[in-house]
Amino acid sequence: MPIDSILFDLTNAVQPVRRAWVQAASVIIADFGLSTSLGTVVILTSRLGPAVPQKELALEVGVNQAALVRTLDRGEAAGLLERNAVSGDRRSNAVSLLPKGEKLAKAMERRVADLRRALLSNLPPEEIETVTRILRTLEERAHAYVQRGHM
């Protein structure tokens with residue numbers, strides 16, 4: 001197969017794979033009574049915390065900051081997380097999980113880890129590492145391309 005076809009197949013597979021993964025993980029998150037967006041925020045805050053900058057969290061979740069604010073409002077109302085002003089920068093907030101959110105994050109992480117194993121455990125670890133390295137390289141190079149002003 002020509003290299004351009006191989007590269008097309010790779011780049012064309014990224015979004016459908018992400019979408020399928022999010023759908024599968026969303027089933028688990030829904031079992032905990034959370035929306036996909038709030039469950040994702042709780043899990044990522046757990047991983048990035050304890051006081052993750054709100055800007056960084058939005059980037060990791062893959063949403064703009066305005067969309068994240070609505071999700072954080074729901075998380076605060078549910079007693080899962082809190083926002084606190086960053087000292088020295090009144091315009092920035094840090095997001096932390098409350099005990100209820102920490103407990104929920106751990107439980108969801110266990111279930112999502114089980115799902116990962118169920119879907120991928122029969123693949124050789126070296127192949128998983130290779131795919132991960134390739135995807136991260138694509139991510140880094142695409143970001144570099146955009147930052148150079150090529151759009």
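Predicted, not measured: the structure shown is a model, and the values here were computed from it.
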For [X] and [Y], which heavy atoms make the closest approach, and how far apart are they?
{"X": "V86", "Y": "N93", "value": "CG2-C, 3.7 Å"}
{"X": "Q65", "Y": "A58", "value": "CG-CB, 3.9 Å"}
{"X": "A105", "Y": "L97", "value": "CB-CD1, 4.0 Å"}
{"X": "V63", "Y": "A67", "value": "CB-CB, 4.1 Å"}

- Item | Co-membership, hydrophobic cluster, residues V61 and L80, 4.5 Å side-chain |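 Yes; L80 is reachable from V61 via cluster members.
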- If we only count heavy atoms from C-beta on, is the R83 to V69 side-chain gap below 4.5 Å? yes
- From the list V42, V22, T40, side-chain contact (heavy atoms from CB on, under 4.5 Å) partner of I29 resolves to T40
Under 3.5 Å, which donor-acceptor pairs do the side chains of residues 118-130 form with other protein atoms, sequence neighbours left out?
residue, atom, partner, partner atom, Å
S121, OG, R117, O, 2.8
T130, OG1, E126, O, 2.9

- Query: Listed by chain and number, what are the salt bridge (Lys or Arg N to Asp or Glu O under 4.0 Å) partners of E82, not counting sequence neighbours?
  - Reply: none
Atom [atom1] in [X], atom [atom2] in [Y]: separation rounded to 0.5 Å?
{"X": "L135", "Y": "L10", "atom1": "CG", "atom2": "CG", "answer": "6.5 Å"}
{"X": "L57", "Y": "R47", "atom1": "CG", "atom2": "CZ", "answer": "13.0 Å"}
{"X": "L44", "Y": "L59", "atom1": "CG", "atom2": "CG", "answer": "10.5 Å"}

- Message: Among residues at least two apart in sequence or on other chains, which ones pass side-chain hydrogen bond (donor to acceptor under 3.5 Å, both in side chains) with R74?
- Response: S35, S37
- Message: Strictly below 4.0 Å, N to O, side chains only: are E109 and K106 in salt-bridge contact?
- Response: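 No, no charged N to carboxylate O under 4.0 Å.
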